[in-house]
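Worth saying up front: this structure is predicted, and the values here are computed from it rather than measured.
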Number of protein chains: 2
Amino acid sequence: MPTLSEVARHAGVTPATVSNVLRNRGRVGANTRQRVLEAVEALGYRPHLAARALAEGRAPTLALMVSSIANPFYPEFALAVERAARTSGHFVIICNTNEDPLTGRAYLDQIAGTLSEGVLVTNANLDFADLHTTESRGTPVVLCMWERPNEPPGLPCVAVDFRRAGELAGAHLLELGHRRIGAIVGSKASGIHAARYEGFVDALRAGGAPKGRVKHGADTIQGGYEAARALLETNPKLTAIFATNDLPALGAMHAAADLGLNVPADLSVIGITDIQLARESRPALTTVAVPTVEVAGLAVSLLRELIETSYGQAGRGAASVPMRVASPPELVVRASTGVPRPR
Amino acid sequence: MPTLSEVARHAGVTPATVSNVLRNRGRVGANTRQRVLEAVEALGYRPHLAARALAEGRAPTLALMVSSIANPFYPEFALAVERAARTSGHFVIICNTNEDPLTGRAYLDQIAGTLSEGVLVTNANLDFADLHTTESRGTPVVLCMWERPNEPPGLPCVAVDFRRAGELAGAHLLELGHRRIGAIVGSKASGIHAARYEGFVDALRAGGAPKGRVKHGADTIQGGYEAARALLETNPKLTAIFATNDLPALGAMHAAADLGLNVPADLSVIGITDIQLARESRPALTTVAVPTVEVAGLAVSLLRELIETSYGQAGRGAASVPMRVASPPELVVRASTGVPRPR
DNA sequence: TTGAAAGCGCTAACAC
DNA sequence: GTGTTAGCGCTTTCAA
């Protein structure tokens, strides 16, 4: 691969000049520029990103921490992140923590600040202390899906009002006439779906409906399947199930099918997020849509700002921790919810 | 962030020595090593990957080109690739070409050789000429899912006998007693599923069954849905549908549902690949499993070898292009196929 | 408008 | 065993 100096020699100028025309820095004569461009073309020169990174003291990539790219929400989000990142010339490195905080820390230790100049974090089950450490070492961190706009996490973030999402789901079910509603709370340990559930419970209370049964489970189709079976076997009179995420909601639909229940005639099911599969399931899943693409965009642009302002570096002191709030979630009615029919 | 020299100063040695203990190169005295390690610990030193890359003349990442990470097969594959890559200390950068060869080329131009020292290519709709170009510039390229082991692509690759996969699918349907079988060929343009279809047709011929109707479509659930509807509306007597990929097969099941057909009683459906969703659909999808994880492992290790031997660099001349063949596909019978019942 | 020179943080000969 | 010395390819003052 040809280097900058080779291009310079070829064009009869110095490396500095070539650099200048390539970055549009400094003033360069029109025909010098022309000659340089020709040399670049002739040699098929491409800048060495690692060298540039070193010289500039910055890196061309962003790290995206996810628990597992195999959870279909993340690819969708990652795609949106990548699109946004490309607009500032960043590549994105996807880091699968696999739900393991140690793996997460290992990633942070290795790439933050040396290969990536910023870190985007989804619900990757990371240790907050580790995130603060990387931040204090000068690499900005942005939390991408903070669930409580009213309770800032102490780290820059993009928040979505997930309480509201739960509320909308509950209200929708109530409005259809459901009174006996079961709930499936995904991602048990992390408590990360608590806000969604709270919103749901509030809606029920506001509607004067009984609180209903809850079952915790894994944030997967299988987890939702198991939770729903348990729920339905002990509470056969349930007419609806609310899940804190689409994946478990999809699992609940499978459970219904296996129990000979028709969705939505015998059982209504609603989720949160509106991942692509929600549209593609049979029946199509009613859900509360979260503005994924918007969140990705906000997160990337916030991160970019923090990078430009060397947030963290210059001991931010009392400066407040920035938070962006994405548009509120919206109910998307599809075919998995309907008026209850008594059983 | 502390640098190597700072660590050296702190430990009272020279940078070279620190480098030596960190890389386990050269001979270092036991207590010198000890002091260095302490200094590393005390300062929280972490090597600067970009600097190291520049000095070593190699990069710590591998690029994985995919058409779109939103197609659920790729996340699964990407995860396997990442796992394999981590064992050699590589990070992976996922490059979504979005089916656009130009985007693909832009990625290759930018990162191949400067940020990534090797490129893994799935069916990303890339221009082979571009791939050869990056190879000739010294960055090895490996095709990950070559479909015809008997017809090498002229680029290093991992091959899977997809003809065989189609054959197994066809044979399974025949064995169940189906005679009127429709076929859905995904990814129309690229012709990338041709081998699968050929195998399927061969199986039908061998079984003395009529060739059946074919419909081409997009390699998505929606594409399969549309193709299946078209197929079933014009050929209501079909008792089975073979799709060249799981996603369209899933779509075919949805079409059946919408047409009031029970799967598998009225219509059997079979796909190829065995993505996670195949296990998670209702009914669970019968499919021909491709050894995804094995392929990822083979691809990464082949790529690693090519990197070590500077394949391409040293004008390989007549040296043969390496190919690894993964284990043959295997039939996985689930609930979407059964004995036909006359309609 | 262009060139000379220093340096980003690290590695790798080679010498001591 | 450990230090010295040169770079890796690029950017960026600062002079000319």
Side-chain angles (χ1 to χ4, degrees), chain A residues 1-37 39-40 43-60 89 110-117 137-139, chain B residues 1-37 39-40 43-60 89 110-117 137-139 310 313:
Chain A
M1 273 197 357
T3 69
L4 220 191
S5 324
E6 293 175 331
V7 172
R9 201 175 319 134
H10 193 98
V13 296
T14 63
T17 302
V18 176
S19 179
N20 278 336
V21 351
L22 259 26
R23 316 307 305 288
N24 283 311
R25 295 279 168 71
R27 298 121 287 266
V28 183
N31 44 358
T32 311
R33 143 168 282 111
Q34 179 62 19
R35 258 184 309 140
V36 169
L37 259 19
V40 164
L43 269 45
Y45 169 78
R46 298 167 310 135
H48 194 295
L49 265 26
R52 178 177 284 180
L54 185 56
E56 284 185 322
R58 51 180 305 182
Q110 291 194 73
I111 73 178
T114 76
L115 202 56
S116 295
E117 57 175 352
R137 295 205 262 234
T139 306
Chain B
M1 275 200 354
T3 70
L4 219 187
S5 323
E6 293 176 333
V7 172
R9 202 175 317 133
H10 193 99
V13 297
T14 64
T17 303
V18 177
S19 179
N20 278 334
V21 350
L22 259 26
R23 321 301 308 289
N24 283 312
R25 294 277 171 71
R27 299 119 287 268
V28 184
N31 41 359
T32 310
R33 142 169 282 112
Q34 180 61 19
R35 260 184 308 140
V36 169
L37 259 18
V40 164
L43 268 44
Y45 169 79
R46 298 167 312 134
H48 192 295
L49 264 26
R52 179 177 281 180
L54 185 57
E56 284 185 319
R58 51 180 306 180
Q110 291 194 73
I111 71 178
T114 76
L115 202 56
S116 294
E117 59 175 352
R137 296 204 261 233
T139 305
S310 331
Q313 285 283 43

Undergrad: Would H10(B) and R35(B) satisfy side-chain contact (heavy atoms from CB on, under 4.5 Å), going step by step from the backbone distance to the final call?
TA: CA-CA 9 Å; H10(B) 193 99; R35(B) 260 184 308 140; over 6 Å; no
Undergrad: Got a sec? Which of residues 49-59 of chain B come in under 4.0 Å of DNA chain C, heavy atoms?
TA: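 Contacting residues: A51(B), R52(B), A55(B), E56(B).
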Undergrad: Just the table, please: protein N/O against nucleotides 1-3 of chain C N/O, every pair under 3.5 Å.
TA:
{"unit_1": "dT1(C)", "atom_1": "O3'", "unit_2": "G29(A)", "atom_2": "N", "d": "3.4"}
{"unit_1": "dT2(C)", "atom_1": "OP1", "unit_2": "T32(A)", "atom_2": "OG1", "d": "2.1"}
{"unit_1": "dT2(C)", "atom_1": "OP2", "unit_2": "G29(A)", "atom_2": "N", "d": "2.3"}
{"unit_1": "dT2(C)", "atom_1": "OP2", "unit_2": "T32(A)", "atom_2": "OG1", "d": "3.2"}
{"unit_1": "dG3(C)", "atom_1": "OP2", "unit_2": "T14(A)", "atom_2": "N", "d": "3.1"}
{"unit_1": "dG3(C)", "atom_1": "OP2", "unit_2": "T14(A)", "atom_2": "OG1", "d": "3.3"}
{"unit_1": "dG3(C)", "atom_1": "OP2", "unit_2": "T17(A)", "atom_2": "OG1", "d": "3.0"}

Undergrad: Check Y45(A) against T3(A) and note the closest heavy-atom contact, atom names and distance.
TA: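 Scanning both residues, the minimum pair turns out to be CE1-C, 3.6 Å.
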Undergrad: Within the pair S19(A) and dC10(D), is there a side-chain N or O less than 4.0 Å away from OP1 or OP2?
TA: no
Undergrad: Describe the nucleic acid contact of T3(A) in one word from base, sugar-phosphate, nothing, applying a heavy-atom distance below 4.0 Å.
TA: sugar-phosphate
Undergrad: Whole angstroms only, please: what is the CZ-C1' distance between R23(A) and dG9(D)?
TA: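 Rounding to the nearest Å, CZ of R23(A) and C1' of dG9(D) are 13 Å apart.
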Undergrad: The criterion is salt bridge (Lys or Arg N to Asp or Glu O under 4.0 Å); which residues satisfy it with E6(B), sequence neighbours excluded?
TA: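 Checked E6(B) against salt bridge (Lys or Arg N to Asp or Glu O under 4.0 Å); zero matches.
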Undergrad: Rounded off to whole Å, could you give me the CG-to-C1' distance for the N24(A) and dT11(D) pair?
TA: 15 Å
Undergrad: For R33(A), enumerate each residue passing the side-chain contact (heavy atoms from CB on, under 4.5 Å) test, keeping only those at least two apart in sequence or located in another chain.
TA: V21(A), N24(A), V28(A), L37(A)
Undergrad: Looking at R25(A), does any N or O in its side chain come under 4.0 Å of the phosphate oxygens OP1/OP2 on dT11(D)?
TA: no
Undergrad: I need the CG-C1' distance between L4(B) and dT11(C), as an integer number of Å.
TA: 9 Å
Undergrad: Write down the atom of P47(B), the atom of R52(B), and the distance for their closest heavy-atom approach.
TA: CB-NH2, 3.4 Å
Undergrad: Test your reading of the model: is there a side-chain donor-acceptor pair from R58(B) to the backbone of A53(B), 3.5 Å cut-off?
TA: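 Looks like no, no N/O pair under 3.5 Å.
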Undergrad: Taking side-chain contact (heavy atoms from CB on, under 4.5 Å) as the definition, give me every residue that meets it alongside L115(A), ordered by chain and number, with sequence neighbours left out.
TA: I93(A), I111(A), L49(B), P60(B), T61(B), F91(B)
Undergrad: Once side chain to side chain donor-acceptor pair (under 3.5 Å) is applied, do any residues pair with R23(A), and if so which ones, sequence neighbours excluded?
TA: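 Residues passing side chain to side chain donor-acceptor pair (under 3.5 Å) with R23(A): E56(A).
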